[in-house]
Protein chains: 2
Amino acid sequence: MTAPIRPRATGRVTLSDVAHLAGVSPITVSRALRGERAVAAELVAKVQAAADTLGYMPNPAARALASGQSSHVAVLIPMLSNALFVNLLEALQNTLRQAGYQTLIGITYYDPSEEESLLREQLLHRPAGLIVTGLERSDATRSLIAQSGVPCVHLMTAQASEGTYCVGFSQFDAGHDMTRHLLDKGYRRIAFAATQLDPRTLQRLEGWRHALQSAGRYDATLEWLNPAPSSLSLGARMFEQIMGQQPPVDAIFFCNDDLAQGALLAALRMGVAVPQRVAIAGFNDLTGSDQMVPPLTTVRTPRAEIGQAAGQMLVALMQGETVPTPCLDLGYVLQARDSA
Amino acid sequence: MTAPIRPRATGRVTLSDVAHLAGVSPITVSRALRGERAVAAELVAKVQAAADTLGYMPNPAARALASGQSSHVAVLIPMLSNALFVNLLEALQNTLRQAGYQTLIGITYYDPSEEESLLREQLLHRPAGLIVTGLERSDATRSLIAQSGVPCVHLMTAQASEGTYCVGFSQFDAGHDMTRHLLDKGYRRIAFAATQLDPRTLQRLEGWRHALQSAGRYDATLEWLNPAPSSLSLGARMFEQIMGQQPPVDAIFFCNDDLAQGALLAALRMGVAVPQRVAIAGFNDLTGSDQMVPPLTTVRTPRAEIGQAAGQMLVALMQGETVPTPCLDLGYVLQARDSA
DNA sequence: CTGAAAGCGCTTACAG
DNA sequence: CTGAAAGCGCTTACAG
């Protein structure tokens, strides 16, 4: 007399175990636990109790296989070495986790083909949702997203367009406003120093151009563009170069705070007075900018708020709700300190 | 005459489709594609060709359900706002991705109970591997790891012990060596300023204590410990406090570079000459430390190397290989610059 | 070295 | 509002 053969018994508590204990069918347990409305309140309570006493935890793989959808959210961001994206990712992660979703990160390194291959891999896992950075990408990636049917939210931009969801602010306006601030302060030869040259940086560049052109102060030699990733040391080097320019520049607007911080430190080393000899402005208000000597004038961008709002918007989308504001503009704050 | 009912057809290319085209059974396809040795070479080629023409991509959820194991690796790190962990994570992610594994991050915020609940969630997904930070954790977490049977590698430590795998360096030695460096330079009252007070910081503290005690220079009032997270502004505040101490301190060893950077900037504001009036040393050689005025003396820790090696070690473990060196000590470099 | 059967643990789609 | 049946797409365990 042998026990019935149970190949591959995993010993884990399953739906059926809960169903047995509660005296209902497995499907009712499934529905009760997922909060489907079509279950009698008393049954829900009974099922919940049974699940609790058994310590039942659903198997995500089984759920994903049966439903064709996982509880993963794929997040595609350009880089982790820019603190901006770390802040964004933290907020996103926390928001998504609270709603029961796992975050799968992919780092694109600003490379459209890398983004595409990351997306292909992620799509294999049938993510419940997608977060991508910005609006610009390859056609292949774009149609991959569209065809997948997976809800998608775009970060760091607020350009409304049919059928796309985004949370961010106007990069153009931010670039424009900082430049206006510098003009209003009386600076006349305002350089724009940018690295990476990703789409959002170029939008800020456009804002700067527009402001200078309106003021009749635009000059192409004021543009200092370098495709390398930004860093403090690169900021220092760019500062040294720009200070050699004739006729001299009286203000420099850096596209990211790390560059501006590097410039401030270079100015200290070179004995260049900031803002008397040259004003320096940054972007993003990254950690440390308020500690600089002198404290850095910059644009504070609401990363944490963007991450949280994007997470919430995506959760709504994944749950089939309609989103009242598909394009959320969270703005920015011009943070004037002593450097400009 | 109706077509056979196919409820829930997903339209995706499956194993069976490949099997049909190749003229073999699904299980052979499964084996061929996973590179199991027990398949004839010609069949492997035929299967591969069929898979390629159909554009077959395995369904990770089905695989996970059937095998009881996913292709996920759960990574538990304390914090993303410390650049140290960002570097670690990037290296880890790249290494793991190349080997076909997805990274699932969990941020513990240095909270053991948060670590435990994150781990429970992650374990639900049957990760193929686990990466955790350091050796110290709650008993519950420790036994959760052990009972799960999931291969686990510990980051940032090199304390060998039975059955555990780790990649890092000796925090004690690093703290000790920097202190010796300061003593050798002639400093006599060397403060240790620490924040967060996580286990690794405390090990560095021990190294400092030991070095000072050996030199007969230890004094409990030289310990400045603050449980708050580290930041430039906190470093500045601690510097101001420490500079008020009597008898005066002639060197400060900060447990992390961001504190030391903040102190350097505070010194600039206060007009305190570094290293003449007081020497400043940091830890980790984070980005920007070489740009400080004066450049920061610090300990360069091999984060990227640790991330990569830990990833490789875990991959070996997940594939059932034995690891020759279960505890890998990657060392550190004392990076003497001008601040101390 | 290859395969038919059974199963992983859920959810969908259909009834009632 | 509840359930029996079938299926999601793989892999395990057993034969041969």
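Chain A is the first sequence line, chain B the second, and so forth, proteins listed ahead of strands; every chain is numbered from 1.
Regarding B/Met57, its CE atom lies at a distance of 15 Å from the P atom of D/dG9, rounded to whole Å. Put simply, CG on A/Leu65 is 9 Å from C1' on D/dG7, counting in whole angstrom units. Look at CG on B/Leu33: it is 16 Å from P on D/dG9, rounded to the nearest Å. Atoms CG (A/Asp17) and P (C/dC8) sit 11 Å apart, rounded to a whole Å. Atom CG of A/Asn59 is separated from atom C1' of D/dC8 by 13 Å (rounded to the nearest Å). Rounding to whole angstrom units, CG of residue A/Leu15 and P of C/dC8 are separated by 13 Å. Computed from coordinates, the A/Arg126 CZ to D/dC10 C1' distance equals 13 Å when rounded to whole Å. Atom pair A/Gln69:CD and D/dG7:C1' shows a separation of 18 Å (rounding to whole Å applied).
Not one side-chain nitrogen or oxygen of B/Arg63 sits closer than 4.0 Å to the OP1 or OP2 atom of D/dC8.
Closest to the side chain of A/Ser67, out of C/dT11, D/dC10, C/dC10, is C/dT11. With D/dC8, D/dT11, C/dT11 as the candidates, the nucleotide lying closest to the side chain of A/Arg34 is C/dT11.
Of the inter-residue distances, the one linking A/Met156 atom CE with A/Cys166 atom SG reads 12.0 Å to the nearest 0.5 angstrom. Considering CG of A/Leu104 and CD of A/Glu121, their distance stands at 10.0 Å, rounded to 0.5 Å.
Stem analysis of DNA chain D (at least three stacked-register Watson-Crick or G-U pairs, each with both distances under 3.5 Å) gives C:1-3 with D:14-16, C:5-12 with D:5-12, C:14-16 with D:1-3.
A/Ser138 contributes a side-chain N or O that, together with a main-chain N or O of A/Thr141, makes up a donor-acceptor pair within less than 3.5 Å. Side chain of A/Thr108 to backbone of A/Tyr110: a donor-acceptor contact under 3.5 angstrom is found.
Annotation: side chain of A/Ile145 is in contact with side chain of A/Arg137 (closest heavy-atom distance under 4.5 Å). Side-chain contact check for A/Asp139 versus A/Arg142: some heavy-atom pair is nearer than 4.5 Å.
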Shorter than 3.5 Å, N or O on both sides, protein versus nucleotides 1-5 of chain D: list them out with atom names.
residue: D/dT2; atom: OP2; partner: A/Ala40; partner atom: N; Å: 2.7
residue: D/dG3; atom: OP2; partner: A/Ser25; partner atom: N; Å: 3.3
residue: D/dG3; atom: OP2; partner: A/Ser25; partner atom: OG; Å: 3.1
residue: D/dG3; atom: OP2; partner: A/Thr28; partner atom: OG1; Å: 2.6
residue: D/dG3; atom: N7; partner: A/Arg31; partner atom: NH2; Å: 2.6
residue: D/dG3; atom: O6; partner: A/Arg31; partner atom: NH1; Å: 3.4
residue: D/dG3; atom: O6; partner: A/Arg31; partner atom: NH2; Å: 3.3

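A donor-acceptor pair shorter than 3.5 Å can be found between the side chains of B/Gln102 and B/Ser71.
Ring planes of A/His125 and B/His72: tilted class, angle from 30 to 60°.
The residue B/Pro58 sits close only to the backbone: its heavy atoms come under 4.0 Å of sugar-phosphate atoms, none of a base.
Heavy atoms from other residues, nucleotides or ligands lying under 6.0 Å from CD of A/Glu42 number 12 at most.
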